[in-house]
Structures are given as structure tokens and as C-alpha cells.
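Numbers for residues simply follow the sequence, beginning at 1.
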Amino acid sequence: MSQASLPQRVRTTPPPSTDHVSARQQENIQDIIDGIALFGALNAFCELGVADALDATDEKILPVHEVAKQCGAIPDLLERILLPMVAAGVITLTPGGVSLTDLGAALRRDVLGSMRHAVTWAATPVSWSAVPQLGEVIRTGRPVLPGGKHSLYAYLEGHPKQREMFGEFMSSRSHPVARALADQDFSNVRTIVDVGGGTGMMLATVLEAHPHLNGVLQELPSVAERAEAAMAARGMADRWQVLAGDAFEGVPCLDAAPGSGVYLLGSILHNWGDEDALRLLARVRTAMVMSQRPTALWCIDKLTLNALLDVTMMKFFPGGQERTSSQYTELLTKAGFVPRRNKPLAGGLNLVVATLK
């Protein structure tokens, strides 16, 4: 495992030979624990809309009492959560007032790629409750989620508010990747089938950049309904369709038409262990074999081991995991594909293009 993928907060030292814990050791561990309070301050900052209040003013700086007024907060208490935000580089705090840094600007609500949604999603009940259950996950080999649900997606089916917040997080997180994907060569492609594509942000971004393309989005029924609304809002109802269905039960094949087709799996395979990933890839492979025109599989995932993201996948999905490039190649090959191209994208992700054997 690459240590470069872990945050370098604590300098490790050999185990002490004494039978007591030093003050330095206590401080190092407490620094890690204090990350909980820092996240709490960050979540309050986002929930109160501080970044939006600061961005809305022409001067881009406001006295603390004015920020508190706009956010419906108590000034003295607001100032106490602003201090950790200064240390985190999110704001600057001077006698003249509060102003956003470049980092803090990423927490505005309505900007493309906003990280506010990542923060508020991490504070949802299901996300937060999964943290203390990690030990049980390691003992049993399966996620421990409210209601005994076997995966995050199964849980979200019955919790529409949290499902909506997760969708906002995924769409916002995927925005830079969607733009990078839209920059690829689609000159010989006519149709994209986005399997598990959420509400269609990535697919819509590609279609807007390439007017000759049309698209198919396959999603679970609860998500497909929201994707239909998103499609109508973007004014491209004549260029893509939404199909409600479980990809593990089948993936749509393409009818005969000019041009080739692309089956897109965008950050999908890392949700599943090898057995489930191979089942999903088998459904995609069947659809490609049955399609009446040339097709290729395009996968987007991280191909360098991110240790903390790997833990996140473990706690939410049965067998969920990050894979190295060699592990990814092995998985695709075992599923009957030939990886042809591996190209870096935004956000540390890679685009892997594969064809049928």
C-alpha cells in the first residue's frame, strides 16, 4: 500500500520502550480526533451559508455581526466556528471582517463543482453513522447500515432526502471529470449508454459538447424519475432517453444505426467487489455482443490506491474497493474485455477504453 495516499499529519516513531504514553503521543492522537470538531465547524459553515453570504456582498468582506445576521446565527458563537476555518484556509478574519479565500469559494452553494455538497453529504445520518461501524465491517466483511440494508444504494431507496443530497454530491464532484470526458474524441461515436449515470450530469455535459451524439441513461427507478426532470430542464429531450432498470439484471443493447456506440461506467466498478463487478461487466458484455453496431466500453475510476477512499467504499458497499491499474486490467480481462487505452482525467481519475475479445 502506498503511504503517499495517506494524509501526512503525524510523524511516526518507533514504539516506546516505557510503559506509559508520552504527551507527544497523546497530542498526535488528539490531532486526529480533533478532525471531528474541524469537520463539524466546516459543516456548520456550509449549512449556515456563510460562503454564499460573503460572495453576495460587493465588498467581498463583511463584519462578523453582519454575517451572523444574514445567516441567522448568534455572532459570538459564529465567530467561534470561524476561527477553525481560518486555520483551515477557508476564510480570512481581520478587524475589518470576514472574507473568503480561493479555497472557501469552492463552498458556495450554486457554483459548478461546489464542494459544499460533499460536506453536507458527509454529515448525513447514514454517512455519519457508518463511521463507528467500521470495526464491525472488518469483522463481518459487509457494510453495517441502518435498517440492515446491504449497500448505500439500497438504503437511499427509502430515504429520498438523503438520496437527493447524495445525488447533488455526485453531480458536483463529477463536474470536472464530465468536462474532461467531453474533451475526448467522439467523432466516430453516435450513441453513449451511461450505465448507472445518476441524474445524467456527465452524459448531458458530453451531449452538449457534441451535437451529433445521442444518449441513453440507465438508472434505478427512483433515480430515473429525477433524471427525466433533469433532462427536460436541459432542453435535450429529443437527444437522450432514460431507461429505468437494474443493470445487474440487464443492460440495453443498441439497434443498427450509423456510427459506433460507447458503454460508459463512470465510477461504478469501485462500488463492488470482484464477484459483483464481474456480474455487472457480464451484463454489459452481453449488451455489446447483441448490439448491431461496433461498441466499446469506457470506464472511469481511480487507478491509484487512495487509502481513505478505499475505506469509504468498504463501509458503504459489499466488497467496495479501489483498484490499482493492474487489478483493473485483470478484472476487465477476466470479464472478456481487452483494455486498449488508459488516459488520465481530472481529479486523479482515469479513462480506460476496452473492447470485446
### Query
Hey, are D55 and R109 close enough for a salt bridge, meaning a charged N less than 4.0 Å from a carboxylate O?
no
### Query
With side chains defined as the heavy atoms from C-beta onward, is the minimum distance between F337 and M288 less than 4.5 Å?
yes
### Message
Within a 6.0 Å radius of atom CD on Q327, are there more than 12 heavy atoms belonging to other residues, nucleotides or ligands?
### Response
yes
### Task
Would you confirm whether S291, through its side chain, and A287, through its main-chain N or O, come within 3.5 Å as a donor-acceptor pair?
yes
### Query
For the hydrophobic clusters of this structure (ILVMFWY residues joined by side-chain heavy atoms under 4.5 Å, transitively), does one cluster hold both L278 and V352?
yes
### Query
Do M201 and R234 touch side chain to side chain, with heavy atoms closer than 4.5 Å?
yes
### Query
Short question: side chain of K315, backbone of P143 - any donor-acceptor pair under 3.5 Å?
no
### Task
Step by step, work out the side-chain hydrogen bond (donor to acceptor under 3.5 Å, both in side chains) result for T199 and R226.
CA-CA 6 Å; T199 56; R226 293 173 51 228; 5.2 Å; no
### Message
Out of the candidates L213, I192, L264, only one should pair with L203 under the side-chain contact (heavy atoms from CB on, under 4.5 Å) rule; please name it.
### Response
I192
### Task
Check whether any side-chain heavy atom of Q218 lies under 4.5 Å from a side-chain heavy atom of D246, and answer yes or no.
no
### Query
Parallel under 30°, tilted from 30 to 60°, perpendicular over 60°: which one fits the rings of H212 and H210?
perpendicular
#### Entry: Side chain S174, main chain V177, donor-acceptor under 3.5 Å
no
### Task
State whether the side chain of S172 and the backbone N or O of E168 hold a donor-acceptor pair below 3.5 Å, judged by distance alone.
no
### Rounded distance (nearest 0.5 Å) linking atom CG of L77 with atom CZ of R80
6.0 Å
### Message
Can you classify the ring geometry of W128 versus F39 as parallel (below 30°), tilted (30 to 60°) or perpendicular (above 60°)?
### Response
parallel
### Task
Measure the spacing between CZ of R190 and CG of N188 and express it to the nearest 0.5 Å.
7.0 Å
### Query
Are L181 and T205 close enough that some pair of their side-chain heavy atoms sits under 4.5 Å apart?
no
### Among L107, I61, V67, the one residue meeting side-chain contact (heavy atoms from CB on, under 4.5 Å) with L54
V67
#### Entry: Side chain to side chain, D194 and W298, heavy atoms closer than 4.5 Å
no
#### Entry: Atom pair NZ (K69) and SG (C71), whose distance is rounded to the nearest 0.5 Å
12.5 Å
### Task
Give me the one residue out of V251, L281, D301, I300 that meets side-chain contact (heavy atoms from CB on, under 4.5 Å) with L265.
L281
### Query
So, does Q162 use its side chain to make a donor-acceptor pair with the main chain of V126 at under 3.5 Å?
yes
### Query
Pairs in or reaching into residues 111-120: which pass side-chain hydrogen bond (donor to acceptor under 3.5 Å, both in side chains), with residues at least two apart or in two chains?
none
### Message
Check whether T324 reaches the backbone of L303 with its side chain - one donor and one acceptor, N or O, closer than 3.5 Å.
### Response
no
#### Entry: K357 atom NZ, neighbour heavy-atom count above 12 within 6.0 Å
yes
### Task
Check whether Y153 and V195 end up in the same hydrophobic cluster, where Ile, Leu, Val, Met, Phe, Trp and Tyr are linked by side-chain heavy atoms less than 4.5 Å apart.
yes
### Message
Can a donor-acceptor pair be found, under 3.5 Å and without considering hydrogens, that links the side chain of R163 to the backbone of E157?
### Response
yes
### Query
Do Y328 and L269 touch side chain to side chain, with heavy atoms closer than 4.5 Å?
yes
### Query
Out of curiosity, D102 CG to L100 CG, how far, rounded to the nearest 0.5 Å?
9.5 Å
### Message
Using only atom types and a distance under 3.5 Å, with no angle test, would you say the side chain of E228 pairs donor to acceptor with the backbone of A224?
### Response
no
### Message
Using a 6.0 Å cut-off, check whether atom CZ of R142 has over 12 heavy atoms from anything other than its own residue.
### Response
no
### Message
Counting only heavy atoms not in Q30 (residues, nucleotides, ligands), do more than 12 fall under 6.0 Å from its CD?
### Response
yes
### Query
Roughly how far, to the nearest 0.5 Å, is the SG atom of C46 from the CH2 atom of W121?
15.5 Å
### Query
When you look at CD of E136, are more than 12 heavy atoms from neighbouring residues, nucleotides or ligands closer to it than 6.0 Å?
yes
### Message
With a 4.5 Å cut-off on side-chain heavy-atom distances among I, L, V, M, F, W and Y, is there a chain of contacts connecting M313 to F248?
### Response
yes
### Distance in Å, T355 OG1 paired with R341 CZ, rounded so as to fall on 0.5 Å steps
11.5 Å
